[in-house]
Undergrad: 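Mind looking over this structure? Questions follow.
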Number of protein chains: 2
Amino acid sequence: MIEILKAISDETRLRIFAQIIKDDMCVCEIEACLGLTQSNASRHLSILKKAGILDSYKKAQWAYFKVNENFISQERELYEYLISHLSEIAGYEEDCKNYNKCKACDLCSFKE
Amino acid sequence: MIEILKAISDETRLRIFAQIIKDDMCVCEIEACLGLTQSNASRHLSILKKAGILDSYKKAQWAYFKVNENFISQERELYEYLISHLSEIAGYEEDCKNYNKCKACDLCSFKE
DNA sequence: TCCTTATATGCGCATATACGAATATACTCA
DNA sequence: TGAGTATATTCGTATATGCGCATATAAGGA
C-alpha cells in the first residue's frame with residue numbers, strides 16, 4: 001500500500017498514469033508525449049510497474065506499458081480517485097494534446 | 001492532489017491517520033500511542049494538516065487533531081481507499097492496542 | 001556480422017525528506 | 001508573575017529521491 005501510494009504521489013508518474021489509462025503506450029511515446037528524457041521515462045515506468053500499478057509486455061524492440069488489471073481490481077477506490085481527479089494534474093491538457101499528436105504520427109512503426 | 005498523495009504516502013503519517021479516524025487526538029496521545037518523539041509527531045501532524053487531510057483546534061494548552069471534513073467529502077474515493085486498507089499498515093494492530101491504553105489512562109487531563 | 005533503434009541501468013550530483021536535540025512559544029495554575 | 005506543561009519550530013545530519021549522462025543490453029534489418 002505504501003509502495004503504491006509513494007509510486008503514484010509523484011507528478012511525473014501521475015502524468016504518465018493519466019495518459020496511459022487511455023491506451024497502452026511504449027516508452028518512446030511516453031517520452032515524446034510528456035517531454036521526458038529516455039532514461040527518466042524508463043525509470044518512472046519501472047517504478048510504477050514495481051508498485052503494481054502498471055504492467056508491461058514486449059513487442060519486437062518496443063516495451064509497451066499498460067495499467068495493471070490487478071491494480072484496478074484490488075485498489076479500486078484509489079483507481080477511481082485518480083480517474084476522477086485527472087484534470088487536477090499539472091499540465092494535463094497539454095499532455096493530452098501531445099498524446100493525440102503522438103498517436104496520430106504513429107511514432108513507433110509497429111502496429112498490430 | 002499531489003500534496004495530499006505525498007502527505008499520506010508516508011508510513012508514520014498513515015499510522016497517525018489510521019488512529020485519528022477513531023476520534024480526535026491531541027499531540028501527546030499521538031506520541032504515546034505511536035511511540036514518536038514530540039517534535040516528530042508535531043511535524044507529521046502539521047504536514048497532514050497543511051495537505052488538508054487533518055484539521056486542528058486548541059483546548060487550553062492541548063492541540064487536538066481530527067480528520068478534516070472537507071477531505072472526507074472532496075477526496076471521497078481516496079478516503080474510502082485508506083479506510084478499507086488500514087489493516088495493511090505496518091504495526092496497525094500494535095498501534096490500536098496502544099490507542100486503547102492511551103484512551104484508558106486519560107493521558108491529557110482535559111475532558112469535555 | 002555490423003549498424004541502428006529501443007530500452008534498462010549504473011553513477012554522480014542536487015535537492016527533498018525524516019529525524020533527534022535544542023529552543024521558542026503559548027497556555028494554565030499557584 | 002513564575003513554574004510547569006504542551007506544542008511548534010529551528011538546526012544539523014543522515015538518508016531518499018529525481019535527474020542527466022554515459023553505458024549496457026536486446027532486437028531488427030541490411
Side-chain angles (χ1 to χ4, degrees), chain A residues 2-17 20 24-51 53-66 90-91 102 105-112, chain B residues 2-17 20 24-51 53-66 90-91 102 105-112:
Chain A
I2 280 274
E3 189 179 7
I4 292 172
L5 289 169
K6 276 187 192 297
I8 207 61
S9 65
D10 172 89
E11 187 171 298
T12 304
R13 291 192 289 270
L14 258 182
R15 288 173 62 207
I16 291 175
F17 177 83
I20 228 167
D24 304 6
M25 293 174 83
C26 69
V27 183
C28 58
E29 284 174 325
I30 295 282
E31 285 174 56
C33 175
L34 305 192
L36 303 177
T37 63
Q38 184 273 319
S39 64
N40 204 18
S42 174
R43 239 187 309 246
H44 281 304
L45 285 163
S46 79
I47 288 171
L48 287 166
K49 181 178 176 183
K50 185 160 179 297
I53 297 172
L54 299 185
D55 200 0
S56 71
Y57 55 94
K58 283 267 205 175
K59 274 273 170 70
Q61 68 267 52
W62 293 281
Y64 280 79
F65 285 82
K66 53 175 287 193
C102 286
C105 59
D106 201 20
L107 245 183
C108 297
S109 45
F110 166 83
K111 279 290 163 253
E112 65 278 32
Chain B
I2 282 275
E3 189 177 8
I4 292 172
L5 288 169
K6 276 188 193 295
I8 206 61
S9 66
D10 172 88
E11 188 171 297
T12 304
R13 291 193 289 269
L14 259 183
R15 288 174 62 206
I16 290 175
F17 177 83
I20 229 167
D24 304 6
M25 293 174 85
C26 68
V27 183
C28 58
E29 284 174 326
I30 295 282
E31 285 175 57
C33 175
L34 305 192
L36 303 177
T37 63
Q38 185 273 320
S39 65
N40 204 20
S42 175
R43 236 186 317 241
H44 281 303
L45 286 164
S46 79
I47 289 171
L48 288 166
K49 181 179 176 180
K50 184 161 181 296
I53 297 171
L54 298 186
D55 200 0
S56 72
Y57 56 93
K58 281 267 204 175
K59 274 271 169 71
Q61 68 267 54
W62 294 281
Y64 279 78
F65 286 82
K66 52 176 288 193
C102 288
C105 57
D106 200 21
L107 244 183
C108 296
S109 44
F110 166 83
K111 278 290 164 261
E112 67 280 24

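As a basis for the values below, the full set of heavy atoms in this structure was taken, side chains included, without hydrogen atoms, waters or symmetry mates. Owing to the predicted nature of the structure, the values given are computational and were not obtained by experimental measurement.
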Undergrad: Do the side-chain N or O atoms of B:Thr12 get closer than 4.0 angstrom to the phosphate oxygens (OP1, OP2) of C:dC19?
TA: yes

Undergrad: Hey, does A:Thr37 reach any base, or is it just sugar-phosphate, or nothing, if we go heavy atoms under 4.0 Å?
TA: sugar-phosphate

Undergrad: Side chain of A:Phe65: nearest nucleotide among C:dA18, D:dA8, C:dA8?
TA: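 Nearest nucleotide to the side chain: C:dA8.
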
Undergrad: In this structure, how many angstroms lie between the P atom of D:dA8 and the OH atom of B:Tyr64, rounded?
TA: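 Atom-to-atom, B:Tyr64 to D:dA8, this comes out as 13 Å.
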
Undergrad: Closer than 4.0 Å, any side-chain N/O of B:His44 to the OP1 or OP2 of C:dT17?
TA: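 False: B:His44 side-chain N/O out of range (4.0 Å or more) of C:dT17 OP1/OP2.
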
Undergrad: Using atom CD of B:Glu31 as one end and atom P of D:dT7 as the other, report the distance to the nearest whole Å.
TA: 7 Å

Undergrad: Between B:Lys6 and A:Gln38, which has a closest nucleotide on DNA chain C that is more 5'?
TA: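 The residue whose closest nucleotide sits nearer the 5' end is A:Gln38.
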
Undergrad: So what does A:Ser39 touch, heavy atoms closer than 4.0 Å: a base, only the sugar-phosphate, or nothing?
TA: base

Undergrad: At less than 4.0 Å, is any side-chain N or O atom of A:Arg43 found next to OP1 or OP2 of D:dT17? Yes or no.
TA: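 Looking at the OP1 and OP2 atoms of D:dT17, neither is under 4.0 Å from any side-chain N or O of A:Arg43.
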
Undergrad: Expressed in angstrom and rounded to an integer, what is the separation of B:Tyr57 atom OH from D:dA8 atom C1'?
TA: 18 Å

Undergrad: Can you measure A:Asp10 atom CG to C:dA16 atom P for me and round it to whole angstrom units?
TA: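 Atom CG in A:Asp10 sits about 13 Å away from atom P in C:dA16.
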
Undergrad: Identify which nucleotide among C:dT7, D:dA6, C:dC19 has an atom closest to any side-chain atom of A:Lys58, counting heavy atoms from C-beta outward.
TA: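 When the side chain of A:Lys58 is considered, C:dT7 is the closest of C:dT7, D:dA6, C:dC19.
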
Undergrad: With a 4.0 Å limit, can you tell me whether A:Asn40 has a side-chain N or O closer than that to the phosphate oxygens OP1/OP2 of D:dG18?
TA: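 Result: no.
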
Undergrad: Once you round it to whole Å, what is the distance between C1' of C:dT9 and CG of A:Leu45?
TA: 14 Å

Undergrad: Measure the spacing between OG of A:Ser42 and CD of A:Glu31 and express it to the nearest 0.5 Å.
TA: 8.5 Å

